[in-house]
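Reviewing the structure listed below.
All figures in this text were calculated on a predicted structure; none of them were measured in a lab.
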Amino acid sequence: MNPKLLPVYLLFVCQSQLVAEPAANEMQIFWSTVSPSGTYAVAQSEARSMSKDNDKAGANRDPATQLSILNIQSQQPVLAFSGFKAVDFAPLDLTDSPMIHAFCAWAPQEDHLLIVNVLDPFGCLLADVPDGRVSEVGSTLLAAAARIANRRTTRKTKSLAQPANFSIIDAHFISSQKCYLTVDYESGSGSQRRVDLYFQVNAGANSLAFERSEPYPNPSQPLGASILAGRQVEHLYQTLRGILNDADRQILTMEQQSWLGGRELLTNYEDRVTFAQTRIAELRQKLKEELQKK
């Protein structure tokens, strides 16, 4: 496996089967994109994707790129967006082809959704669900990533270098107003470095504003490994929470609070990593069981 894609693999291996197979005229739900309350998810109409009506869209875009944010309860699309294909969110054989093309990050209140294009950050979108707006935020992400790359390169070489190639390997909303994205840089020499870029969400303009960068946790150090394991647990909790029914979701929330309390009692970061890895295995198994019911 390409080491560069290992964080993406670790983040999404638990979601490699998170797709519901649609019957005729039903929506194909990509369960890896489900919102924390289970209200929304990215989906595609199987009937529409095969319809001749898509011939009109084909003049400008591949018709398969038209997807929707679906209200799962009502089975009604609430907001359409373009620029992604259904296969971007479909399960892949991560052993033979460890490549995730797209993933989503939901704000806690589900008012915003960040739709991330892993290898083409310029195609990233920010959706304002209540207002029904989708904005391209790729240029903002590119500018921030290039700024950090050039700043770090200039410090070492005293001259401006060509921006490094980069991909986005993680994203998370801290609140409805703040989010971060993890950027993986690759220079011409093949060396890599990762940085967390923090953004302010401008709800009025449905846009992002760059705030600051922070060093990516070092997975070789106990503290960094603990932070990254904690992030993975949080991603799993969010996905599983969206799939469960209301009663089981409440139980999961209590379990999560108990787990967080137990982790805080551990003063050794290596013990925290082991504690998180055990929970990761449990959550993956629970996801598998729940998806078999879909």
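Taking NZ of K293 as the start and CD1 of I243 as the end, the distance is 11.0 Å to the nearest 0.5 Å. In this structure, CG on L240 lies 8.0 Å from CG on L236, to the nearest 0.5 angstrom. Separating the CD atom in E136 from the CG atom in N206 is a distance of 11.5 Å, to the nearest 0.5 Å. Here the straight-line distance linking atom CG of L67 with atom CD of Q44 works out to 5.5 Å at 0.5 Å rounding. One distance of note links NE2 of H112 with CG of N202; it measures 8.5 Å at 0.5 Å rounding. Interatomic distance, CD of Q277 versus CD of Q232, reported as 8.5 Å (0.5 Å rounding).
In this structure, the side chain of T33 does not engage the main chain of A41 through any donor-acceptor pair within 3.5 Å. No donor-acceptor distance shorter than 3.5 angstrom exists from the side chain of S135 to the backbone of V137, with no hydrogens or angles considered. Side-chain N or O atoms of Q75 include one that pairs as donor or acceptor with a backbone N or O of I72 at under 3.5 Å. A side-chain donor-acceptor contact under 3.5 Å links T253 to the backbone of R249. Remark: the backbone N or O of A203 is not paired with any side-chain donor or acceptor of S207 at under 3.5 angstrom. Side chain of R193 to backbone of D184: no donor-acceptor contact under 3.5 angstrom is found. For T39 (side chain) and S35 (main-chain N/O), no donor-acceptor pair under 3.5 Å exists by modelled atom type. Panel note: side chain R272, backbone S226; no donor-acceptor pair is recorded below 3.5 Å. Within the 3.5 Å criterion, the main-chain N or O of A145 finds a donor-acceptor partner in the side chain of Y185.
V129 places a side-chain heavy atom less than 4.5 Å from the side chain of I69. Looking only at side-chain heavy atoms (C-beta outward), R194 and P215 stay at 4.5 Å or farther from each other. Between H101 and N117, every side-chain heavy-atom pair lies at or beyond the 4.5 Å cut-off. Residues F103 and S32 are not in side-chain contact: their nearest non-hydrogen atoms beyond the backbone lie 4.5 Å or more apart. You'll find the side chain of P108 stays beyond 4.5 Å of the side chain of P36, heavy atoms only. Looking at D170 and Y180, their side chains come closer than 4.5 Å, going by heavy atoms from C-beta outward. Side-chain contact between F166 and L142 is present, with at least one heavy-atom pair separated by less than 4.5 Å. For the pair V134 and L126, the minimum side-chain heavy-atom distance is 4.5 Å or more.
The salt bridge (Lys or Arg N to Asp or Glu O under 4.0 Å) check on E270 picks up nothing, with sequence neighbours excluded. Legend: residues meeting side chain to side chain contact (heavy atoms under 4.5 Å, CB included) with A276, ordered by chain and number and at least two apart, are A229, V233, W259. Contacts of K178 classified as salt bridge (Lys or Arg N to Asp or Glu O under 4.0 Å), with partners at least two apart in sequence or in another chain: E211. Every residue meeting the salt bridge (Lys or Arg N to Asp or Glu O under 4.0 Å) condition with R133, not counting sequence neighbours, appears here in chain and number order: D128, D131. For Q256, the side chain to side chain contact (heavy atoms under 4.5 Å, CB included) partners are Y237, R241, L260, not counting sequence neighbours. Scored by the ring-ring contact (aromatic ring centres under 6.0 Å, His included) test, Y40 finds W106 as partners (sequence neighbours excluded). Shown here are the side chain to side chain contact (heavy atoms under 4.5 Å, CB included) partners of N245, two or more places apart in sequence or in another chain: A247, D248. For E289, the salt bridge (Lys or Arg N to Asp or Glu O under 4.0 Å) criterion is met by no residue, not counting sequence neighbours. The side chain to side chain contact (heavy atoms under 4.5 Å, CB included) check on A144 picks up L197, F199, F210, with sequence neighbours excluded. Scanning for side chain to side chain donor-acceptor pair (under 3.5 Å) contacts around D196 gives T182, R231, with sequence neighbours left out.
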For this session: Just do the side-chain hydrogen bond (donor to acceptor under 3.5 Å, both in side chains) check on Q238 and H172 with the steps written out, would you?
Result: CA-CA 11 Å; Q238 177 167 317; H172 183 71; 4.8 Å; no
Exercise. Between L70 and I29, is a side-chain contact (heavy atoms from CB on, under 4.5 Å) present by the stated rule, with each step listed?
Worked result: CA-CA 8 Å; L70 176 76; I29 299 174; 3.8 Å; yes
Problem set entry | Trace of the side-chain contact (heavy atoms from CB on, under 4.5 Å) decision for L125 with F84 | CA-CA 10 Å; L125 303 174; F84 291 82; 3.8 Å; yes
For this session: Start with the C-alpha distance between Y198 and S213, add both sets of side-chain angles, then the distance that settles side-chain contact (heavy atoms from CB on, under 4.5 Å), and finish with yes or no.
Result: CA-CA 6 Å; Y198 287 77; S213 66; over 6 Å; no
Problem set entry | Audit row: V118, I168, side-chain contact (heavy atoms from CB on, under 4.5 Å) steps and yes/no | CA-CA 5 Å; V118 173; I168 299 174; 5.6 Å; no
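Within 6.0 Å of atom CD in Q200, more than 12 heavy atoms from other residues, nucleotides or ligands are found, so the atom counts as buried in its surroundings.
Under the 4.0 Å criterion applied to side-chain N and carboxylate O atoms, K85 and D88 are not assigned as salt-bridge partners.
With K286 as the partner, the side-chain contact (heavy atoms from CB on, under 4.5 Å) test is satisfied by one option alone out of L244, L252, L291: L244.
Contact detail for T140 and L208: the closest heavy-atom pair is CG2-O, 3.4 Å. Between V116 and A171, the shortest heavy-atom contact is CG2-CB, 4.1 Å. Here the closest non-hydrogen pair linking R279 and E282 is NH1-OE1, 2.9 Å.
Under the 4.5 Å side-chain heavy-atom criterion for grouping Ile, Leu, Val, Met, Phe, Trp and Tyr, I174 is not connected to L113 through any hydrophobic cluster. Under the 4.5 Å side-chain heavy-atom criterion for grouping Ile, Leu, Val, Met, Phe, Trp and Tyr, Y216 is not connected to I227 through any hydrophobic cluster. F122 is connected to L181 through a chain of hydrophobic side-chain contacts under 4.5 Å among Ile, Leu, Val, Met, Phe, Trp and Tyr, so both are in one cluster. L228 and V273 fall into different hydrophobic clusters, where Ile, Leu, Val, Met, Phe, Trp and Tyr side chains are chained together by heavy-atom contacts under 4.5 Å.
Using bins of under 30°, 30° to 60° and over 60° for the plane-to-plane angle, the ring pair F89/F30 lands in the parallel bin.
In this structure, R263 fails the cation-pi test against F275, since its NZ or CZ atom is not both closer than 6.0 Å to the six-membered ring centre and inside 45 degrees of the ring normal.
When hydrophobic residues (I, L, V, M, F, W, Y) are linked wherever their side-chain heavy atoms come within less than 4.5 Å, L265 remains an isolated member.
Residue pairs meeting the salt bridge (charged side-chain N to carboxylate O under 4.0 Å, His left out) criterion with at least one partner in residues 110-122, sequence neighbours excluded, are absent.
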